[in-house]
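To start, the structure under review is shown below, and the notes come after it.
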Amino acid sequence: MADELLYTLFEEQKFKPNESQKNAILHLDGSLYLVAGPGSGKTRVLLWRTLNLIVFHDVRPDEIFLATFTEKAALQLKQGLQGLLSIASKYTGKPYDIAEMYVGTLHSLCQKLLTDRRFNSSRERNRRPVIMDDLDQYFFVNSNWREILSSAALDTKTEDYGFLNSWFNQNMGKNSKTNAIKNCISFFNRMSEEDFSDELLKSAMASASSDAAEKALFKMTIKYRELLKGEHADRVDFANLQQKALEYISEDLLSGQVFKHVIVDEYQDTNTIQQKIYLKLSEGSKNICVVGDDDQALYRFRGATVENFIDFQNICKANLNESPTRIDLSINYRSRKQIVQTYTDFMSKCDWADDGHPGKYFRFVDKEIEAFSTDERTSVLLESGKKEDITATIACMVKLLKESGKITDYNQCAFLFPTLRGNYDGMSASVKAFSDAFEKAGIPYYAPRAKNILYTEEFLVTFGLFAKILKVSSSSSNSQEFNDWLEKAIAKADGIISEDSLLDEFIIEKWTDIEFVKRNYKVLADSCTEKNWDLKSNAFEQTTKVLAGIPKLDNEIKKALNGSSLNNYIRNKNDQGEEVSLQYVLNRVTALDWTLLDLFYQLNSFHYYVEKYLLAERGEEDSAMYNFGMITQYISKYMEMHLPILSGRSFQENVLPHDFFNSFLYALFRLGETEVEDADDPFPKGCVPFLTVHQSKGLEFPVVVLGSLQHKAKNPRPLDVLVRKMLKEQGNPPGIAEPLDKMDTFDTMRLFYVAVSRAKNLCILTQMTGAGYSTFGPMKDLIASQKFEGIASFDFDSFPTSNDKSGEMAHVYTYTTDYLPYKNCPRNYMVFKKYGFVPSRSQTMFFGSLVHETVEDLQNFIVGGLK
Amino acid sequence: MSEMTDAEIELKLRDFFESNFQYLKESSGHAIDGYMREKAFQQVLYYWKKNRALIEKITRSEVKLSLPERVTPNDKISYTIEGIVDIVQEKDGTWLYDLKTHDIDRIKANITQYKEQLYIYSYIWKKLQGNELDNTAVISTTLPDRLEAAIRKRKPELIEQELEAWQPVIPIGYKEEEVEKIINNFGEVVEKIEKSEFCPPDVDVLLNKPAGMKSVFAVHICRNCDVRYSCSSYEKYLEVSKGATRNTMRKYMKPSAEERDEFIQGNMERE
């Protein structure tokens with residue numbers, strides 16, 4: 001009966017599952033091992049399987065734990081499930097509410113776990129850790145750097161940086177502090193991702209095989225972890241958030257019972273600590289379902305281990321005493337036939353055999369991926385030749401596709417690159433070639449990660465204007481690259497100013513403001529020195545009177561010193577037995593009434609910015625708005641780390657220019673060198689997206705252009721080598737381990753596999769030839785064995801029109817965060833909600849959150865107590 | 001819970017409050033000054049004192065309700081509506097409560113907007129999920145001015161009296177026949193958002209007072225909006241009401257003396 005209804009629902013939703021899909025949907029008891037090729041309908045299977053659990057097997061949504069790789073994927077699942085459930089309701093007459101279900105990235109689920117009262121009998125909220133993102137983590141390490149170094153008897157000396165950086169095979173910038181910090185962070189993170197406790201680190205330190213640098217790094221890791229524990233709140237980075245969560249759920253003996261079903265998507269990119277969490281949570285029910293594709297593993301550099309997936313059969317047996325049922329989803333519903341043939345053929349161009357174990361391989365070679373499409377016409381093209389020629393031809397083709405209506409928006413045509421970056425200021429040669437061709441052809445493209453983010457126009461203009469206002473003309477940093485950037489930013493700003501005389505006047509006004517507080521601060525500080533008053537000492541009402549009597553002070557400052565608001569404040573504090581320092585008084589009376597974030601918003605009133613806002617208001621090109629939003633986020637981050645208020649002191653001895661430019665923006669600049677692959681990045685309308693293959697994970701596009709087929713072989717990463725060694729010494733070697741010298745080739749195979757399999761209707765391979773270009777070996781073999789057509793002979797009429805809706809999923813709206821704000825002011829809604837601008841005055845928000853969260857705590861406490 | 005004394009609960013409340021304060025401070029990098037902090041605590045404390053009986057009756061707090069599979073009226077774009085309510089289920093009836101940090105006057109002046117929300121939530125709760133429902137209400141957590149004044153003066157009898165007079169619960173009821181129209185309105189807004197229609201309200205809107213407000217839109221709403229400097233309607237408003245031109249516009253960006261003081265004092269509070 002239940003199954004019958006399920007089939008009725010399939011029919012109503014026009015879903016015709018194939019045999020494997022059906023088996024996977026119906027397999028609910030025990031562990032399940034889903035090997036799902038590209039475009040094999042895995043999301044659909046997950047949706048229906050979850051529906052089956054809830055509707056036909058009475059599993060409560062809050063007993064389901066479903067981890068996805070991105071927030072986007074989680075949202076898609078939630079939306080889809082909600083839709084299906086409401087249809088099921090019509091038949092069963094029962095309501096289904098998945099609000100309490102665990103769906104999300106493991107990071108967000110870990111935060112949820114940490115406050116989940118089911119793991120904690122007292123039902124009080126666990127002390128929430130403050131979560132640091134990558135930038136927070138960098139600055140945290142930076143501000144505790146000396147202490148971390150000294151734990152390993154190192155100092156802030158270039159030779160000590162060289163000592164650390166050499167271990168990471170860092171030859172460029174070997175003596176750089178920033179590199180040392182970045183490298184150490186990658187080390188700290190990896191140790192957490194492997195779930196190595198302090199004890200394990202200590203014993204590794206004692207091991208004969210560990211060299212001096214390793215010993216130092218272990219010590220620093222332990223110190224770093226110690227520093228994270230705060231007096232009021234603990235800090236966690238992304239990696240040890242997971243460690244914290246595992247600790248928390250391991251404290252409770254029944255934690256394996258909380259979830260009846262644990263489902264993990266993209267399992268091939270799971271790391272050790274994540275795997276431990278999943279296994280722990282399914283300890284009681286044994287119902288773990290992992291979904292993945294070994295060929296699409298991309299995240300080794302974040303500690304992910306594809307072997308976890310390949311060896312899942314044994315891992316499951318060892319930990320849960322269960323033999324999982326393996327089901328392969330092998331029919332590809334996404335791509336036209338030739339595309340599928342191309343990427344399956346490509347995988348055979350590499351030797352995957354495990355030499356140590358005859359008959360075994362480092363991938364599932366027994367998969368039989370086939371295309372559902374019967375469209376045998378050409379769907380893979382190859383353009384080979386000089387980069388100027390290829391890029392011009394392709395730009396022309398993209399334009400034609402758009403003009404002929406074959407694609408309805410430029411964002412349906414994705415350009416994928418193994419890497420977008422070249423040198424510090426920007427794009428790799430192939431990306432640059434395409435962007436030049438696009439500019440020539442007048443095709444807009446969006447490539448925020450292709451350049452250092454600070455090199456995008458909006459960042460250059462804004463921080464160039466900041467430099468003008470704060471009178472920063474060159475940085476004291478000895479980094480030539482950063483100085484070049486600053487120069488370019490200032491030049492950009494000069495260009496904008498020269499076209500806008502009002503902006504010029506505005507800047508002069510700001511100079512006057514700054515000079516005013518700077519001058520008065522100096523008068524006050526000098527006079528305190530004369531009087532032998534220590535600025536750290538206490539201020540009283542009499543003190544302010546005396547200061548107000550200094551003749552050289554401007555009237556406005558005198559008024560502030562005599563004013564009731566300052567003096568009442570001092571009196572109140574003193575009444576409460578608290579002290580107010582002289583420094584506070586000086587800062588307060590010479591405070592500017594604008595912060596850096598205000599400055600940004602004030603600059604927005606000028607022509608350059610207004611134009612960009614207008615475009616977005618009308619629903620036109622909006623990439624600038626995303627960048628402005630990011631700028632406000634960065635400025636606000638700076639303000640979180642420093643006092644938001646700017647006062648006379650900020651400009652004495654160049655404090656602010658130094659902190660903001662040479663420390664903060666410089667760090668951003670250096671961190672911006674690494675491409676952060678963020679699959680949750682937006683795809684602005686009307687632009688061709690330039691993405692790394694990593695960013696394209698889980699997505700599909702009507703047209704994919706693979707912008708480069710090159711590869712330069714790399715040595716194994718020292719961290720991978722070290723972790724292997726440590727696991728072996730711990731007597732805990734992985735069941736399957738790819739040989740270190742093959743990792744790079746394997747990873748590159750997977751990278752190209754993912755890239756090609758994103759294409760629905762057309763995939764164009766671009767092979768640049770000439771000096772300095774070398775095509776990845778197996779790709780060369782593929783090209784030699786296949787006769788790919790070129791664009792010139794391609795029959796455009798054979799290309800199906802794309803009404804691509806796949807990227808569009810139903811969005812969630814609420815009354816209080818969408819409907820009412822939009823009704824109030826659509827423009828304000830757009831800026832703060834859609835593009836994530838950070839508002840400048842957030843005082844009232846602090847108050848509101850404090851009240852609201854405390855009321856919530858109280859209510860939960862009372863509700864919990866009664867039950 | 002009944003075995004806990006008022007004093008014990010008050011201590012517990014202080015605990016929650018301090019821990020949230022520290023957390024917010026650590027994660028945002030700034031805080032509110034001692035005066036505002038105490039004001040916030042008073043708000044929670046008196047909210048508890050006033051609503052103790054009600055809070056103790058809450059059966060489920062923060063229940064997320066969702067209405068999936070909706071499509072917008074014209075372009076048929078699909079979307080989901082979501083909201084959070086507190087639920088009291090007891091012998092003499094089931095109530096849905098919507099907790100708001102807005103003050104009573106503001107709620108009363110804009111009662112329709114609160115009604116619309118609760119009607120949609122009720123629809124999901126009753127019609128879609130098949131639960132019982134007897135009534136709905138908004139609870140305002142903001143203390144009335146008179147109660148605040150009494151607390152400031154530290155006069156126990158006066159506090160008692162004002163606490164007694166305070167009516168934080170505003171019953172709303174539920175009319176299912178109105179829901180369709182409300183959802184339709186909601187859908188129209190969703191459609192505009194999805195189609196990226198983000199032009200600001202017309203200058204006429206800025207020149208007039210929104211319902212229940214003492215000042216015009218431009219002052220009450222725009223004044224708190226960081227992007228007003230780049231807004232075409234706000235620019236027109238300054239032109240019409242103050243005779244400002246593009247050249248003199250900057251003058252109006254400055255905060256008032258009072259705002260300035262509050263802002264500086266608030267943001268210097270750190271340690």
Side-chain angles (χ1 to χ4, degrees), chain A residues 79 82-83 86 95 97 99 128 130 232-233 506 565 569 588 591 593 601-602 604-605 609-610 613 616-617 619 640-641 644-645 810-815 819-820 822-828 830-831 839-840 843 846-860 862-863 865-866, chain B residues 1 13 16-17 20-24 26-30 32 36 40 43-44 47-48 55-56 58 61 64 66 68-69 78-83 101 113 117 128-130 141 186 189-190 193 195-201 221 225-227 229-231 250 253 255 260-261 264-268:
Chain A
Q79 297 290 300
Q82 236 148 16
S86 69
D97 178 9
R128 269 180 308 178
V130 175
H232 297 298
F506 172 82
S565 91
Y569 177 80
R588 177 158 170 174
D593 56 16
Y601 284 120
Q602 291 175 5
N604 284 189
S605 67
Y609 293 91
V610 170
Y613 274 88
E617 283 167 30
E640 279 169 22
M641 293 187 285
I645 292 284
H811 293 127
V812 174
Y813 292 94
T814 76
Y815 243 93
Y819 180 81
L820 292 174
Y822 183 91
K823 291 263 280 191
N824 205 20
C825 175
R827 186 172 178 274
N828 181 285
M830 164 187 90
V831 169
S840 168
Q843 291 305 302
F846 190 106
F847 188 93
S849 311
L850 181 57
V851 169
H852 200 84
E853 292 195 12
T854 310
V855 168
E856 268 175 26
D857 280 345
L858 178 71
Q859 285 182 190
N860 279 322
I862 306 269
V863 175
L866 282 175
Chain B
M1 203 48 47
L13 203 55
F16 288 140
F17 182 82
N20 286 327
F21 179 83
Q22 291 300 344
Y23 175 79
L24 286 168
E26 293 282 332
S27 54
S28 71
H30 66 90
I32 46 178
M36 291 304 282
Q43 191 163 323
V44 183
Y47 168 74
W48 156 247
I55 296 172
E56 284 183 344
I58 292 178
S61 58
K64 202 192 253 181
S66 57
E69 290 270 294
S78 54
Y79 68 96
T80 297
I81 306 179
E82 249 179 37
T101 44
Q113 122 190 1
Q117 285 174 67
L128 223 60
Q129 306 196 345
T141 57
F186 195 98
V189 163
V190 169
I193 295 173
K195 290 164 80 179
S196 298
E197 291 175 20
F198 295 120
C199 291
I221 309 283
C225 173
D226 290 314
V227 290
Y229 313 129
S230 51
C231 174
R250 278 198 315 281
M253 292 181 186
R260 190 195 136 111
D261 249 15
I264 291 172
Q265 180 163 322
N267 275 290
M268 286 186 64

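The analysis underlying the following values was restricted to heavy atoms, covering all of them including side chains, and did not include hydrogens, waters or symmetry mates.
A:Ile645 meets the side-chain contact (heavy atoms from CB on, under 4.5 Å) test with A:Ala591, B:Phe263, B:Ile264, B:Asn267, B:Met268; sequence neighbours excluded. The side-chain contact (heavy atoms from CB on, under 4.5 Å) check on B:Tyr23 picks up A:Arg128, A:Val130, B:Ser27, with sequence neighbours excluded.
Among B:Pro200, B:Cys231, B:Cys225, the one residue that satisfies the side-chain contact (heavy atoms from CB on, under 4.5 Å) test with A:Asn828 is B:Cys225.
Contact check for A:His811 versus B:Ile193: no side-chain heavy atoms found under the 4.5 Å cut-off. Two residues are said to be in side-chain contact when any heavy atoms from C-beta on lie closer than 4.5 Å; B:Met36 and A:Phe846 fail this criterion.
Put simply, the side chain of A:Asn604 never gets that close to the backbone of B:Ser230: no donor and acceptor are under 3.5 Å apart.
Atom CG in A:Leu858 sits 5.0 Å away from atom CD1 in B:Ile55 (nearest 0.5 Å). In this structure, CZ on B:Phe21 lies 13.0 Å from CD on A:Glu853, to the nearest 0.5 angstrom.
Between A:Thr854 and B:Phe16, the shortest heavy-atom contact is CG2-CB, 4.0 Å. Contact record, B:Ala40 with A:Leu850: CB-CD2, 4.0 Å, taken as the closest heavy-atom pair. Closest of all the heavy-atom pairs between A:Arg827 and B:Val227 is NH1-O, 2.9 Å. Counting all heavy atoms, side chain and backbone alike, B:Pro201 lies closest to A:Cys825 at CD-SG, 3.6 Å. The heavy-atom pair separating B:Glu197 from A:Tyr822 by the smallest distance is O-OH, 2.6 Å. When all heavy atoms are compared, the tightest approach of A:Tyr601 to B:Tyr229 is O-CD1, 3.1 Å.
Contact of A:Val831 with chain B is made through the side chain alone, with heavy-atom distances under 4.5 Å. The parts of B:Leu13 that come within reach of chain A are both its backbone and its side chain, each placing non-hydrogen atoms under 4.5 angstrom from that chain. Heavy atoms closer than 4.5 Å to chain B are found in both the backbone and the side chain of A:Phe506. The parts of B:Phe17 that come within reach of chain A are both its backbone and its side chain, each placing non-hydrogen atoms under 4.5 angstrom from that chain.
Using the six-membered ring where Trp is involved, A:Tyr815 and B:Phe186 have ring planes that are tilted, between 30° and 60° apart.
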